[in-house]
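Worksheet for the structure shown next.
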Amino acid sequence: MQPTILVLNPNSLTQVTASIAETASVQFRDAPVRLAYATLTDAPPGIATQRDADRAAVLVADAIERNLQSADAADAFVLACYSDPGLAAAREVTRKPVIGIGQAALGAATALGERIGVVAITTGSIARHFRAYRAHGLAQKIVGERAVDLTVAESGDDRLAVPRIIDTARALIEQDGADVIVLGCAGMAALRARIEDALSMPVVEPCMTAIALASNVLTGARR
C-alpha cells in the first residue's frame, strides 16, 4: 500500500489547493506515494500578516491531530504556505514527517545557488519572512526579497501574476545579485516553469519541492 502525504493548505482558498493538486498530479504522476489534500476553511483567505500566520498555526496543529486520529491517517504532512504556520506546533503532536514548504524551498535554493532572491506576495509579509530566515540561520543567504503586492487569490493568475513575478525576479537578479529565485507563495505553484524559462535561472517552487522531499523521506524509509 502506498504511503499517503497530506498536503494541508493553511488558508481558506480552495482554488489555491486545487492549483497545487493540479500541478502535483502531473509532476508526481508516477511517484510511489498517494497525495491527499485539505483546506483549512476556518483560516484566513491567505497568510499575509503575522496575525494571519498566528491564527492559522493553531488550526494547522489541530487539523493534523484530527487526521492522526482517523482511520486513514496520513504518513506525512506538507504545510502549503511559505510562512510555515504551525510547523513547530504540528511537530509536537506527531513524530511523522511534517514539512513546511518555506523551509524546504530555502534548503533547495541553497543547493542551487549562493545568493537567494525571494518573490513575496505582499510587502507586509517580508518582515515576517526575515524573522524565519534568521531563525533558520539563513538570513545571510537572502540577498533580497521583493513583493508583487497581489492577494493570494491573485497570485496564480497567469495574466496578472506572471508578468509581475518576472519583473520582480529580474529586479532581484539585476539589482540585488540573486542567482536563484524562490517563489514565496503557495498560490504560485503552477507558474514555476514559465518563470524559469523567462529568467533562464533556477526557480524554486516551494510546494512541489516539499512534496518531493516528503515522498523521498517516506519511500527512502521503506527501502
Side-chain angles (χ1 to χ4, degrees), residues 10 16 19-20 23 27 46-50 52-53 78-85 87-88 99-214 216:
V16 171
S19 175
I20 295 168
T23 305
Q27 185 161 331
I47 310 299
T49 66
Q50 187 64 57
D52 292 337
V78 167
L79 305 187
C81 173
Y82 184 71
S83 297
D84 295 341
L87 179 60
I99 296 171
I101 67 168
Q103 198 174 63
L106 292 173
T110 61
L112 294 171
E114 295 293 328
R115 300 176 300 279
I116 301 170
V118 180
V119 179
I121 188 68
T122 66
T123 301
S125 66
I126 293 176
R128 183 180 75 258
H129 290 168
F130 269 92
R131 286 193 290 273
Y133 303 151
R134 288 190 291 271
H136 297 326
L138 292 171
Q140 73 279 7
K141 292 279 191 178
I142 313 297
V143 296
E145 179 161 344
R146 295 172 180 256
V148 292
D149 284 320
L150 297 170
T151 67
V152 175
E154 294 168 333
S155 65
D157 185 300
D158 284 6
R159 289 177 295 179
L160 181 61
V162 170
R164 290 202 195 186
I165 294 169
I166 290 171
D167 287 346
T168 302
R170 282 183 174 146
L172 288 163
I173 295 164
E174 295 168 5
Q175 298 179 39
D176 300 327
D179 62 6
V180 57
I181 297 296
V182 171
L183 302 181
C185 179
M188 303 173 185
L191 308 180
R192 189 201 66 81
R194 274 164 286 177
I195 295 164
E196 188 169 78
D197 286 346
L199 299 175
S200 298
M201 182 170 287
V203 174
V204 177
E205 192 289 301
C207 292
M208 301 306 115
T209 300
I211 293 171
L213 177 57
N216 289 339

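Treat the numbers as computed from the prediction; the structure is a model and nothing was measured. Counting begins at 1 with the first residue of the sequence.
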dist Leu160:CG -> Thr151:OG1 (nearest 0.5 Å) comes out at 8.0 Å
Rounded to the nearest 0.5 angstrom, the CZ-OG1 distance for Arg192 and Thr23 is 10.5 Å
The reported gap from CG in Asp52 to CD1 in Ile47 (rounded to nearest 0.5 angstrom) is 5.5 Å
Just how far is it from atom CD1 of Ile181 to atom CG of Leu199, taken to the nearest 0.5 Å? 6.5 Å
Atom of Val182, atom of Ala109 and distance for their closest heavy-atom approach: CG2-CB, 3.7 Å
side-chain contact (heavy atoms from CB on, under 4.5 Å) evaluation trace for Glu114 with Lys141: CA-CA 7 Å; Glu114 295 293 328; Lys141 292 279 191 178; 3.4 Å; yes
Of all the heavy-atom pairs spanning Leu191 and Ala161, show the shortest one and how long it is. CD1-CB, 4.2 Å
Which atoms form the tightest heavy-atom contact between Pro10 and Pro85, and what is the distance? CB-CG, 3.8 Å
Quick one: closest heavy-atom pair of Glu196 and Met201, and the distance? CG-O, 3.1 Å
Over all heavy atoms of both residues, which pair between Ser155 and Gly187 is shortest? Give the atoms and the distance, please. OG-CA, 3.2 Å
Given 3.5 Å as the limit, does a donor-acceptor pair link the side chain of Ser19 with the main chain of Val16, or not? no
Do you know which two heavy atoms are closest between Thr122 and Ala147, and how far apart they sit? C-CB, 3.4 Å
Return yes if some donor-acceptor pair links the side-chain N/O of Asp176 with the main-chain N/O of Val143 below 3.5 Å, else return no. no
For Asp149 and Thr123, indicate whether the former's side chain and the latter's backbone hold a donor-acceptor pair under 3.5 Å. yes
Show every donor-acceptor pair shorter than 3.5 Å between a side-chain atom in residues 202-213 and any protein atom, with sequence neighbours excluded, or say none if there are none.
unit_1 : atom_1 : unit_2 : atom_2 : d
Glu205 : OE1    : Cys207 : N      : 3.2
Glu205 : OE1    : Met208 : N      : 2.7
Glu205 : OE2    : Cys207 : N      : 2.9
Thr209 : OG1    : Glu205 : O      : 2.8

Aromatic rings Phe130 and Tyr133: how do their planes relate, parallel, tilted or perpendicular, breaks at 30° and 60°? perpendicular
Does Ile142 reach the side chain of Leu106, with side-chain heavy atoms less than 4.5 Å apart? yes
CG on Leu183 to CD1 on Ile195, rounded to 0.5 Å: 5.0 Å
Enter the distance from Ile165:CD1 to Met188:CE here, rounded to the nearest 0.5 Å. 4.0 Å
Taking Asp84 for the side chain and Ile101 for the main chain, is one N or O donor matched with an acceptor at less than 3.5 Å? yes
Do Arg164 side-chain atoms and Val148 backbone N/O form a donor-acceptor pair below 3.5 Å? yes
Step-by-step side-chain contact (heavy atoms from CB on, under 4.5 Å) determination, Tyr82 to Ile121: CA-CA 10 Å; Tyr82 184 71; Ile121 188 68; over 6 Å; no
SB check Arg170 Glu174 (cutoff 4.0 Å): no
